[in-house]
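The structure under discussion appears below in the form of structure tokens.
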Amino acid sequence: MELASENSPVEVEARTWLSAHKADTGHSWADLAGFTDVAQSTLSLFTSGKYEGRNDPVAVKVLAYRDRLSVQAEIAMDAPQVPEWYDTPTATRLWQLLQWAQSGKMVLIVSTPGVGKTKTVRRFAARDPNVWLATMAPSTAGVATMAIEVAAAIGLGEIKGSPQQLSRQIKAKVAGRRGLIVVDEAQELTDKALNELRSWHDATGVGVALLGNEKVVGQLDSKRSALAQVSSRISLPLVQMGPMPGDLDALFAAWGIADERQRAFLTRIGNLLGALREVTMTLEVALMAGGGLTLELLRDAAKQRNVRLAGL
């Protein structure tokens, strides 16, 4: 992009577009500063024609932002429409388990990736302000870091303090609300952090749902004294290593896939690691070509995604 000089056509173009864009979207100057990598005070002055610094670098960044939005819009138009939600037997099963947990219980949900666990939990949490989802990571493994993550999820913001102070604030927030703390990627937590969650449940009656992979099962082996108290409070464990019967049928119905050969091919993919997620991504790649869906397009998409399928 050609650099602008003061009052050049490029500068005028950037100023005019940014002013209209801000009015159309309702973005604040702080929002636009993040999008353009230009200070919000600079953007405000630039748009009003009162910026006394060099205007040309600002114009370049503003128009780069505009071009990025245009490219993203084109990609979105070409991308296939992924069904936002469809009920599956797995989703129904998880929903019932989360409802049970919210009655003041502790539950464990373990599954392979791609069966819709996280999507179901997010939908469940979105319907009730007293369901709080906190996703763990290696950086949140300990008691204090786990508590900070949960505190943010329940609306306490970025609180600080000792682990004891953090714990006290969290218990005060959730007590008496018949709420549910959902901890995703629970396998990342240390024994002490898991026991801290158990102590919140004991003290307040808040429901706790631990979600993760098969590593959590080993962590919560009741023979391990460090986590015996946690294991004894798991009222309903669910270990699901793959999609349930009917999950793929629900996906096919949501996508409108009736062709038996296509369904058979996608079923083979759905039974691999990644399950429904891998099927969805394969469909997205196949449909990017435009036109109707064919078995050949599905095979090509699976190859592009390096799906390991015998006879592909």
Side-chain angles (χ1 to χ4, degrees), residues 80-128 130-135 180-187 207-218 220 234-287 293 295 298 301-302 305 307-310:
Q81 290 297 113
V82 179
E84 183 177 346
W85 174 261
Y86 49 89
D87 287 313
T88 64
T90 290
T92 298
R93 188 180 190 184
L94 295 177
W95 198 278
Q96 292 170 344
L97 198 55
L98 292 169
Q99 288 177 321
W100 171 256
Q102 196 171 4
S103 68
K105 307 293 193 298
M106 286 191 71
V107 302
L108 172 66
I109 300 174
V110 173
S111 74
T112 49
V115 298
K117 177 180 62 194
T118 300
K119 182 178 288 188
T120 301
V121 168
R122 286 176 178 167
R123 188 175 179 87
F124 187 86
R127 90 196 213 297
D128 189 336
N130 288 334
V131 177
W132 309 286
L133 173 60
T135 302
L180 172 63
I181 298 174
V182 182
V183 178
D184 202 2
E185 305 295 349
Q187 73 275 359
V208 175
L210 301 174
L211 281 63
N213 60 27
E214 61 274 13
K215 181 184 173 184
V216 185
V217 177
L220 295 178
I234 300 295
S235 62
L236 278 177
L238 169 63
V239 179
Q240 181 176 319
M241 297 293 103
M244 289 180 66
D247 283 355
L248 284 165
D249 289 335
L251 183 152
F252 298 151
W255 281 88
I257 300 172
D259 184 276
E260 289 301 325
R261 295 175 65 206
Q262 294 176 18
R263 290 168 69 107
F265 180 75
L266 291 170
T267 296
R268 293 172 62 196
I269 294 177
N271 288 323
L272 299 174
L273 186 65
L276 276 65
R277 181 186 303 146
E278 186 59 54
V279 172
T280 297
M281 290 182 174
T282 300
L283 282 165
E284 287 184 278
V285 173
L287 289 168
L293 186 67
L295 182 59
L298 287 173
R305 289 195 46 73
V307 174
R308 299 182 180 277
L309 200 62

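Below, each value reflects all heavy atoms present in this structure, side chains not excepted, and no hydrogens, waters or symmetry copies. Sequential numbering from 1 along the given sequence is applied to the chain's residues.
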Measuring only between side-chain heavy atoms, which start at C-beta, is [X] closer than 4.5 Å to [Y]?
{"X": "E278", "Y": "V307", "result": "yes"}
{"X": "V107", "Y": "L238", "result": "no"}
{"X": "V121", "Y": "L94", "result": "no"}
{"X": "L180", "Y": "F124", "result": "yes"}
{"X": "V182", "Y": "L211", "result": "yes"}
{"X": "V110", "Y": "P237", "result": "no"}
{"X": "Y86", "Y": "L276", "result": "yes"}

Verdict with reasoning, L97 to R93, per side-chain contact (heavy atoms from CB on, under 4.5 Å)
CA-CA 6 Å; L97 198 55; R93 188 180 190 184; over 6 Å; no

Just checking R261: does its CZ atom have more than 12 heavy atoms from other residues, nucleotides or ligands closer to it than 6.0 angstrom?
no

Looking only at heavy atoms, which two atoms of [X] and [Y] are closest? And how far apart?
{"X": "A186", "Y": "L210", "value": "CB-CB, 4.2 Å"}
{"X": "P243", "Y": "V115", "value": "N-CG1, 3.8 Å"}
{"X": "P113", "Y": "A275", "value": "O-CB, 3.9 Å"}
{"X": "K117", "Y": "G212", "value": "NZ-O, 3.3 Å"}
{"X": "L298", "Y": "T282", "value": "O-CG2, 3.9 Å"}
{"X": "L293", "Y": "Q262", "value": "O-NE2, 3.2 Å"}

Quick one, L133 with R122, criterion side-chain contact (heavy atoms from CB on, under 4.5 Å). Give me CA distance, side-chain angles, the key distance, then yes/no.
CA-CA 7 Å; L133 173 60; R122 286 176 178 167; 3.7 Å; yes

Consider only side-chain N and O atoms of [X] and [Y], and report whether a donor and an acceptor are under 3.5 Å apart.
{"X": "T92", "Y": "D87", "value": "no"}
{"X": "W132", "Y": "N130", "value": "no"}
{"X": "E185", "Y": "Q187", "value": "yes"}
{"X": "D128", "Y": "Q102", "value": "yes"}
{"X": "T120", "Y": "W95", "value": "no"}
{"X": "Q240", "Y": "T112", "value": "no"}

About how many Å separate [atom2] of [Y] and [atom1] of [X], when rounded to the nearest 0.5 Å?
{"X": "I257", "Y": "D249", "atom1": "CD1", "atom2": "CG", "answer": "11.0 Å"}
{"X": "E84", "Y": "R123", "atom1": "CD", "atom2": "CZ", "answer": "7.0 Å"}
{"X": "N213", "Y": "M241", "atom1": "CG", "atom2": "CE", "answer": "8.0 Å"}
{"X": "K119", "Y": "T88", "atom1": "NZ", "atom2": "OG1", "answer": "9.5 Å"}
{"X": "F252", "Y": "D247", "atom1": "CZ", "atom2": "CG", "answer": "10.5 Å"}

Check the pair L283, L251 against side-chain contact (heavy atoms from CB on, under 4.5 Å), reporting the backbone distance first and the verdict last.
CA-CA 11 Å; L283 282 165; L251 183 152; 4.0 Å; yes

Determine, step by step, whether R305 and V285 satisfy the side-chain contact (heavy atoms from CB on, under 4.5 Å) criterion, reporting the C-alpha distance in whole Å, the side-chain angles of both residues, the deciding distance to 0.1 Å, and the verdict.
CA-CA 8 Å; R305 289 195 46 73; V285 173; 4.1 Å; yes

